[in-house]
Number of protein chains: 2
Amino acid sequence: MKIDPRHLEILAAIVDRGGLTEGAAALGRSQPSVSRTLAQLEARIGAPLFRPGRRPLQPTEIGLALAEQGRAVLKAGRAAAELVDRHRSGQAGLVRAGGTPIFMDGVVAPMIARFNEALPGVRVDQSYGYAEELIARLRGGAIDIAVLPLTREGVPADMAFRPLLPGLNVIACRQGHPLARRRLLTPGDIAHYPWIAPPPESPLYRDLRRALARIGAEDFRISFSGGSLASVLSVLTGSDSLTVLPYSVVFLLRETSRITALSLEIGHPERIVGLLSPATAEPAPAVRRFRDFLAAQFEALGRRIFRHRTDQLWR
Amino acid sequence: MKIDPRHLEILAAIVDRGGLTEGAAALGRSQPSVSRTLAQLEARIGAPLFRPGRRPLQPTEIGLALAEQGRAVLKAGRAAAELVDRHRSGQAGLVRAGGTPIFMDGVVAPMIARFNEALPGVRVDQSYGYAEELIARLRGGAIDIAVLPLTREGVPADMAFRPLLPGLNVIACRQGHPLARRRLLTPGDIAHYPWIAPPPESPLYRDLRRALARIGAEDFRISFSGGSLASVLSVLTGSDSLTVLPYSVVFLLRETSRITALSLEIGHPERIVGLLSPATAEPAPAVRRFRDFLAAQFEALGRRIFRHRTDQLWR
DNA sequence: CGGTCAATATAGCCTTGCGTTATGAAAATC
DNA sequence: GATTTTCATAACGCAAGGCTATATTGACCG
């Protein structure tokens with residue numbers, strides 16, 4: 001005996017509101033419609049759901065029991081409607097964001113913390129990867145959005161790229177490092193200190209090699225490699241090591257982690273850190289919210305960096 | 001955003017079965033129907049429920065969340081179907097039975113115990129009353145069935161009466177009572193002992209008065225009144241009191257309660273204990289089951305009484 | 001006891017949802 | 001790359017259920 005769950009809903013509404021008219025009003029349908037549905041339901045199960053010829057309506061035993069189930073249906077329906085509403089407004093959902101490791105840890109993660117505070121209903125799933133892999137995972141639907149540095153030409157045709165910051169990398173060291181105050185650096189200066197190497201497949205590493213080659217420092221000593229941001233910072237502040245980091249990371253962490261940048265800019269000037277997402281379909285509302293939130297955060301960050309630079313210039 | 005609970009059911013089935021075809025099969029509907037409903041649902045909530053172009057089907061976040069609600073609907077639907085099936089077969093429900101107090105306690109309650117054992121899903125609600133009140137409550141729908149003694153003419157036109165046993169009352173006393181062995185009783189014998197009086201409005205009481213008047217014992221001493229069966233038995237077995245009880249009650253309790261009957265039959269010969277229920281509508285299946293069960297029990301009881309009498313005759 | 005009011009049932013009509021089968025398209029599997 | 005499985009689309013018809021209008025029936029009250 002299969003029963004239409006909508007009929008159970010109607011029954012529950014009638015029982016709970018204590019009348020057919022009120023029940024109909026609560027459900028937003030007309031009284032005759034509800035009346036007929038009720039009659040149909042009674043005919044189908046072959047038993048009266050209400051004591052006949054009694055007003056106010058009194059449910060029978062089976063009527064009461066079925067109304068109980070109807071309430072469960074009603075509850076599920078309300079929960080579903082709530083979910084959909086929250087999903088549509090972007091206040092609930094899942095955002096799967098991928099990005100280059102150091103940048104995610106150093107810059108994006110604090111922004112995600114603020115995003116979580118603003119929209120507690122949205123879950124953010126963070127993962128790490130480099131350009132090629134991130135693009136593949138975007139295509140495969142494994143992630144919704146990627147934060148990574150790209151050149152203009154590097155943007156795939158089927159993707160939308162939203163620039164955020166210039167992809168500037170710098171050589172970082174601890175505050176108080178012997179080289180920190182020096183305006184002019186020679187290959188010899190640099191070769192003298194041990195290096196923390198970013199993973200070989202990372203853009204950071206390629207930038208490092210290229211930059212050092214350009215200033216003539218062909219070989220350099222690597223004392224540590226393979227760590228994620230937390231380890232890198234730990235080693236960096238505990239020694240005279242040098243490493244290469246995105247400028248924004250150094251900027252953000254210069255106070256709390258006591259690091260600074262050498263006055264030597266490296267990296268592609270035409271490479272830009274931005275948000276990459278599939279251009280094909282409209283993203284889920286939560287993803288759009290996340291994207292817009294990150295964009296705003298990065299814009300603010302860009303302004304802070306700019307102000308900091310002009311301040312330094314004046315100083 | 002109101003969502004049709006049936007659509008949630010379908011979504012749950014698809015997610016749980018891992019495919020549209022299997023889901024359709026599980027729900028007993030065709031694959032295209034399910035496919036279209038799913039497409040409709042997606043259009044309505046404005047978000048994909050499954051990752052597009054992926055097989056096997058992978059639900060999205062919102063799809064998964066809504067499927068959860070769909071499971072709740074499915075569960076309620078199954079519970080409702082189960083309830084209806086059990087109700088229809090009379091294995092669940094509520095029977096509200098009323099009857100004359102002593103008779104209900106002494107005869108019907110043990111039968112209800114057996115009935116409960118046979119159909120554990122059916123709840124029996126027992127209440128007490130005399131003919132007039134019982135009939136009014138049957139009419140008012142407050143009880144489903146009544147057990148009471150009636151004359152043929154006393155059966156209301158709108159009621160069905162199912163005879164069970166002759167409405168025979170006897171004078172009861174403890175076993176070993178001085179009068180128990182006497183074959184012939186005089187008014188003097190009876191007047192000598194104190195009486196336990198049934199409630200003044202009960203048929204037992206009227207029978208008692210009439211019977212005593214007929215044998216000339218006009219006045220009698222009342223030592224106890226107002227108690228229900230348990231109290232009456234207690235007083236009866238603890239003293240030389242007499243009282244009037246339905247013969248079937250004495251018969252059933254003669255062993256366990258050590259009571260017996262004087263050889264003096266009283267009461268209307270044309271009054272019959274039976275089951276009274278409204279003739280208007282078909283009773284609920286559980287009520288019918290109860291009625292039939294009681295009828296069978298009473299028939300068995302009648303046979304036991306008959307056998308006992310013939311045994312006694314032979315002895 | 002009968003009139004009045006409010007609530008429920010019925011009637012008639014029409015829209016819409018959803019059932020079906022047939023068939024096309026696409027993804028997975030070998 | 002062929003095959004098979006699975007999902008989407010199309011076209012059609014039936015029945016459920018929406019509506020308004022109206023009849024009927026308990027409940028309440030003088």
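Throughout, protein chains are lettered first and strands after them, A, B, ... in sequence-line order, and every chain is numbered starting at 1.
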Under 4.0 Å, heavy atoms only, any strand: does [X] hit a base, just the sugar-phosphate, or nothing?
X	result
R29(B)	sugar-phosphate
Q31(A)	base
S35(A)	base

For residues S127(A) and R137(A), is any side-chain donor paired with an opposing acceptor at under 3.5 Å?
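Short answer, yes.
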Ion pair R210(B)/D207(B), N-O distance below 4.0 Å
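Judged by the 4.0 Å cut-off on N to carboxylate O distance, R210(B) and D207(B) do form a salt bridge.
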One thing to verify: whether E9(A) and R6(A) come together as a salt bridge, which I'm taking to mean a side-chain N less than 4.0 angstrom from a carboxylate O.
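No, R6(A) and E9(A) are not salt-bridged.
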Roughly how many Å is it from [atom1] in [X] to [atom2] in [N], rounded to a whole number?
X	N	atom1	atom2	result
L38(B)	dA8(D)	CG	C1'	11 Å
H7(B)	dG17(C)	NE2	C1'	8 Å
L41(A)	dG17(D)	CG	C1'	14 Å
I10(A)	dT8(C)	CD1	C1'	15 Å
R17(B)	dT6(D)	CZ	C1'	17 Å
R36(B)	dA10(D)	CZ	P	11 Å
R51(A)	dA7(C)	CZ	C1'	19 Å
L20(B)	dA26(C)	CG	C1'	14 Å

How do G19(A) and G28(B) order along DNA chain C: which one's closest nucleotide is nearer the 5' end?
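It is G19(A) whose nearest nucleotide is closer to the 5' end.
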Does a side-chain N or O from T21(A) land closer than 4.0 Å to OP1 or OP2 of dT8(C), or not?
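Yes, such a contact exists.
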For a quick test of reading the model: is some side-chain N or O of R6(A) closer than 4.0 Å to OP1 or OP2 of dG17(D)?
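Yes, within the criterion.
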Side chain of [X]: nearest nucleotide among [options]?
X	options	value
Q40(A)	dA16(D), dT6(D), dA8(D)	dA16(D)
S30(A)	dA10(D), dC19(D), dT6(D)	dC19(D)
E22(B)	dT20(D), dA10(D), dT6(D)	dT6(D)

Compare every heavy atom of V73(A) with every heavy atom of P5(B), then report the nearest pair and how far apart it is.
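Minimum heavy-atom separation between P5(B) and V73(A): CB-CG1, 3.8 Å.
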Among L38(A), V34(A), T37(A), I3(A), the one residue meeting side chain to side chain contact (heavy atoms under 4.5 Å, CB included) with L11(A):
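With L11(A) as partner, L38(A), V34(A), T37(A), I3(A) yield a single side chain to side chain contact (heavy atoms under 4.5 Å, CB included), made by L38(A).
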